[in-house]
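Single-structure report; data block below.
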Amino acid sequence: MAKYDHKKIEKKWHDVWTETEIYVANDNDEREKYYNLVMYPYPSGDLHIGHWYNFSGGDFYARYKRMNGYNVLNPIGFDSFGLPAENAAIKRGIAPKTWTYDNIDNMLKQLHRIGASYDWDRMVITSDPEYYKWTQWMFLELYKRGLAYKKKQVANWCTDCNTVLANEQVVDGKCERCGNDVIQKELDQWLFKITDYADELISGLDQVDWPERTKIAQRNWIGRSEGAEVNFKVDGSKHVIKVFTTRIDTLYGATFMVLAPENPLVEKITTKEQFELVEKYISMTKGKTELDRMQEKVKTGVFTGAYALNPINNEKIPVWIGDYVLMGYGTGAIMAVPAHDERDNEFAKKYKLPIIEVVEPINNKKEIMFTAYGKLINSGDFTGLTSEEAKTKIIALLSKEEKATKKINYKLRDWLISRQRYWGSPIPIVYCDKCGEVPVPEKDLPVVLPEEVNMKSTGESPLKYEKDFYDTTCPKCGGKATRETDTMDTFVCSSWYYLRYADPKNDREFASKEKMKQWLPVDMYIGGAEHTVLHLLYSRFFTKALRDGGYLDFDEPFMKLRHQGMILGPDGLKMSKSKGNVIDPDIEVEKYGADAIRMYLSFMGPYEQGGPWNPNGLVGVRRFLDKFYEFAQIICSASNNQDANSIKQADLDKIISKLIDKVSRDFPEMKFNTCISGFMETMNSLVALAKEFPITDNSKVWKKAISQMLLVMAPFAPFLTEELWYNLGNNGSIHLQQWPTSDKSLLIDDLVTVAIQVNGKVRDTLLVSPGAEEVDLLKIAKESDKVAKYLEGKNILKSFYVKSKILSIVTD
RNA sequence: GGGGAUGUGGUGAAACUGGUAUACACGCUAGUUUUAGGAACUAGUGCCGCAAGGCGUGGAGGUUCGAUUCCUCUCAUCCCCACCA
């Protein structure tokens, strides 16, 4: 009997499937569509085991849906713009394009090796001009509608890499790549107005089936808070300081104000006497690195010399500046209420500013720092009101005098998309001396990224030094003009790629409405949780913006979302080259086969949990496959001439029916691990049954049974099951078959085990028919020695019977 | 500081709406077969106890005939955000 030779089998079917393209998603198909998507990879060079985990889970699901009669779209592509390509180019002298496309070739081979069932014809590569043409089109569309704008703004700047960094690339105040200091630098930047959609980005979450923690994280990131904007007049000047507060009920306790050092009002209101001190403080805060700011928990500030008038009582209060007030949130100024805010309290104590208590706890329990809602004191006419009542009344009063308005604030900032980098999509904007900022007309797209570029690190985009690119003519007046040289953040590319899969070869639109109607929105999206507040938020913004442009007729791009867990090294730590705990999937495939890895990854634990890679666990799964293969081969080679006529046949059918039932229930919940344990249990039962119900004498029923088992194993082990499926004499690929249904009548056992409890403790178990009545059971139970000894001399007070499960007896 | 997740054997983990805790696998122990390459097979394996029995799902309470599951408090570990007014 031939042993399980994964190399031979996987090579064979890999070739067959590539040739016949069995996973093509048909645009014209009557069956219900199912759009199954995994987050496309960055072509870093090699597929690592985390990719495998992500993609195999997505692939299980696609195969399951396909077998359940859906017209499945299961595409793949590459997020191929980005900095690593540029770094490789600088380090090794390879052009970013060459490096990227070589990596894509390699990763495509690896994806085939996984046994992934993609529709390869729909591949999308974001660095292809046919793709980024439409990324640029998206930019223009947002630009037209005022959702893309340019602004001078402070950004993270790496002092070593000479480039701007996204917030997510700053780790603990340092550059994620080189580990050097990050400072704040003011630059002219392009931004997308994601804040316009802040409210809908919150409410839309109610429509989608996403992990609750992901929804919560997005809500927190958007950070909606309701409050009021209050105007404080600067004493003896025309200037007004606006502040945002959620606690207008504490207005009587505002004893000073603090402005952010960058607040433009600072230079206007600072007095002559204080000027020098203020200057000094501002230059000091500017020089601070991100790390300084994070470590420094002590609050600092200086007095501007100016005073403001509290609009509620005309009290004169001093105006300070301090860098604990952020320019980017609210109005860049606060009213400080040191009695009821910890930060203000710390500041007041340090600089000996007055502290006035204006709220006390309702239960009158004195607390050192009371920051919660309570009852007002020392608050003029409002004394005695609760915080909630006071809020409404104070706003009502001040609104009348135009001193305050209701206001909602968000933590969410507009999305900064400019990058001073080469390997990205050019921003389709031209600067003309006469006409100013001019968008490139749609007919001139794409603005092609030049290929031969000198990649030096100067702090400006290398494109600035490419004369052929940089110098151009103005599309409006035809005069001399220059191009925008910054490129777009790669997250722009990935904010709409899922739309392109519906119609990847369209050269007239980013995708036709017809095809998007056919496929979108995405029904199932699988990917890492690390994209929670980035890609997953940006994509939602794009979808809503395109919908408002009349291009889409749905509100949310991803109806169902699941995160795969993270695979750690065998030592339980995050895999990294420096720790030497990286698992190379290629080596494992060579040794154990793709099917074994797919199965092991599903067996190791709940899919959303992940965990450490355990080489022994993989061996265990491989052992199962070896045994299963040999067992199935015996069935395959049994001569096909006998017919069963035995009660044992019912046992066989029952085992298979129970498996189908289990897998069909666990699969939709992505409980892949229990599916695999189900296969193992089933095989153990089958091996035992074969001893009483010989395969050779009953080959027909055995062949039917094992074929059914293969069907439910097919999504996990596509190569092995395909091989055995044909060996059993079946026709057509197993992966295009219908998912089997279980025979419900076989799921009911003739006899069930009922546990007998006395006072909550199990004392015996009885094998009875499922129809048995409580009285009968009670009678049998009393006759059991194991039970009787606990009933001796006692009266039975009550008993409970849960059908086929438990009989609980309570005595005195 | 805020938010989230997770605690079950030596290990990864099961347990349907509260109903026999530890399925499945790894590891380990003993035995068989003298077995070349990551062995196979059989038996055993939560803890204490010779046994009967008792104790066991991070800890302490509670609800219940019955709690890994529900409630209250608490401890530990991990992740994310973080001076957000």
Side-chain angles (χ1 to χ4, degrees), chain A residues 167 211-217 219-221 223-225 227 243-248 250 254 257-258 260 293-294 296-299 322-326 328-337 340-344 346-347 409-413 529-530 532-533 565-566 572 574 591-592 600 603-606 608-609 611-624 626-627 662 665-666 669 671 673-684 753-766 789 796-811:
Chain A
N167 283 333
E212 202 49 41
R213 65 187 166 116
T214 308
K215 291 189 185 186
I216 290 169
R219 285 191 200 106
N220 290 346
W221 182 263
R224 181 192 150 102
S225 64
V243 302
F244 173 74
T245 177
T246 53
R247 292 297 302 274
I248 200 168
T250 63
M257 303 190 77
V258 187
R293 290 198 40 200
M294 291 176 73
E296 208 169 278
K297 287 286 168 207
V298 193
K299 304 210 169 7
D323 66 356
Y324 82 94
V325 175
L326 310 171
Y329 184 76
T331 60
I334 60 153
M335 63 175 213
V337 184
H340 306 291
D341 180 283
E342 282 173 34
R343 293 153 301 172
D344 298 344
E346 196 188 313
F347 195 86
N409 239 307
Y410 301 90
K411 285 192 213 171
L412 183 70
R413 316 286 167 80
E530 68 275 15
T532 296
V533 294
M566 199 196 290
K574 215 168 162 173
K591 273 166 83 176
Y592 302 99
Y600 168 62
F603 186 54
M604 64 191 290
E608 307 203 36
Q609 184 182 304
W613 177 269
N614 179 0
N616 285 328
L618 179 56
V619 170
V621 170
R622 171 62 201 222
R623 235 179 287 194
F624 161 72
D626 281 331
K627 280 184 215 164
K662 179 185 176 59
R665 270 186 290 114
D666 290 354
E669 293 175 51
K671 291 162 85 173
N673 53 337
T674 56
C675 290
I676 308 298
S677 74
F679 301 147
M680 291 170 170
E681 270 176 287
T682 300
M683 193 188 68
N684 293 344
T753 315
V754 171
I756 310 299
Q757 280 188 348
V758 180
N759 294 329
K761 291 215 157 77
V762 177
R763 296 303 178 185
D764 198 7
T765 57
L766 301 176
K789 77 195 241 201
I796 295 176
L797 298 178
K798 283 189 256 185
S799 69
F800 301 82
Y801 177 53
V802 181
K803 197 166 173 280
S804 306
K805 289 239 165 76
I806 205 156
L807 176 70
S808 181
I809 301 167
V810 188
T811 69

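Lettering follows sequence order; numbering is per chain, from 1.
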**Watson-Crick or G-U counterpart of B/rG61, or none if no pair lies under 3.5 Å** =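 Its partner is B/rC71.
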**For B/rU34, the Watson-Crick or wobble partner whose two distances fall under 3.5 Å** =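 Paired with no nucleotide.
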**Prompt:** Given that A/Arg622 and A/Ser225 both sit by RNA chain B, which one's nearest nucleotide is further toward the 5' end?
**Reply:**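 Result: A/Arg622.
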With heavy atoms under 4.0 Å as the rule, sort [X] into base, sugar-phosphate or nothing.
| X | answer |
| --- | --- |
| A/Ile334 | base |
| A/Arg343 | base |
| A/Thr753 | base |

**Request:** Indicate, with yes or no, if the rings of A/Tyr324 and A/Phe347 have centres closer together than 6.0 Å.
**Result:**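 Ring centroids of A/Tyr324 and A/Phe347 are less than 6.0 Å from each other.
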**Request:** Just compare B/rA13, B/rC16, B/rA85 and give me whichever is closest to any side-chain atom of A/Pro606.
**Result:**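 Comparing B/rA13, B/rC16, B/rA85 against the side chain of A/Pro606, the answer is B/rA13.
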**Item:** Base-contact (B) and sugar-phosphate-only (S) positions in nucleotides 23-33 of chain B, heavy-atom cut-off under 4.0 Å, - elsewhere
**Value:** BBSSS------
**Message:** Counting primed atoms plus P, OP1 and OP2 as sugar-phosphate and everything else as base, spell out the protein contacts along nucleotides 44-65 of chain B at 4.0 Å heavy-atom distance: B, S or - for each nucleotide, 5' to 3'.
**Reply:** --------SSSS---------B
Atom [atom1], compared across [N] and [M]: separation rounded to whole Å:
| N | M | atom1 | answer |
| --- | --- | --- | --- |
| B/rC55 | B/rA21 | C1' | 14 Å |
| B/rC28 | B/rC79 | P | 31 Å |
| B/rA60 | B/rG49 | P | 22 Å |

**Asked** A/Ile216 has an atom CD1; how far is it from atom C1' of B/rC81, in whole Å?
**Response**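 Rounded to the whole Å, the gap is 13 Å.
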**Message:** Without decimals, in angstroms, what is the distance between A/Glu608 CD and B/rG12 P?
**Reply:**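 Result: 20 Å.
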**Asked** side chain to side chain donor-acceptor pair (under 3.5 Å) with A/Asn759: which residues, sequence neighbours excluded?
**Response**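 For A/Asn759, the residues satisfying side chain to side chain donor-acceptor pair (under 3.5 Å) (neighbours in sequence not counted) are A/Thr811.
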**Prompt:** Between A/Phe244 and A/Tyr329, how do the two ring planes meet: parallel, tilted or perpendicular, split at 30° and 60°?
**Reply:**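 Rings of A/Phe244 and A/Tyr329: perpendicular, over 60°.
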**Item:** Torsion-based syn/anti label for B/rG38, 90° from 0 as limit
**Value:**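 Here the answer is anti: the torsion falls beyond 90° from 0.
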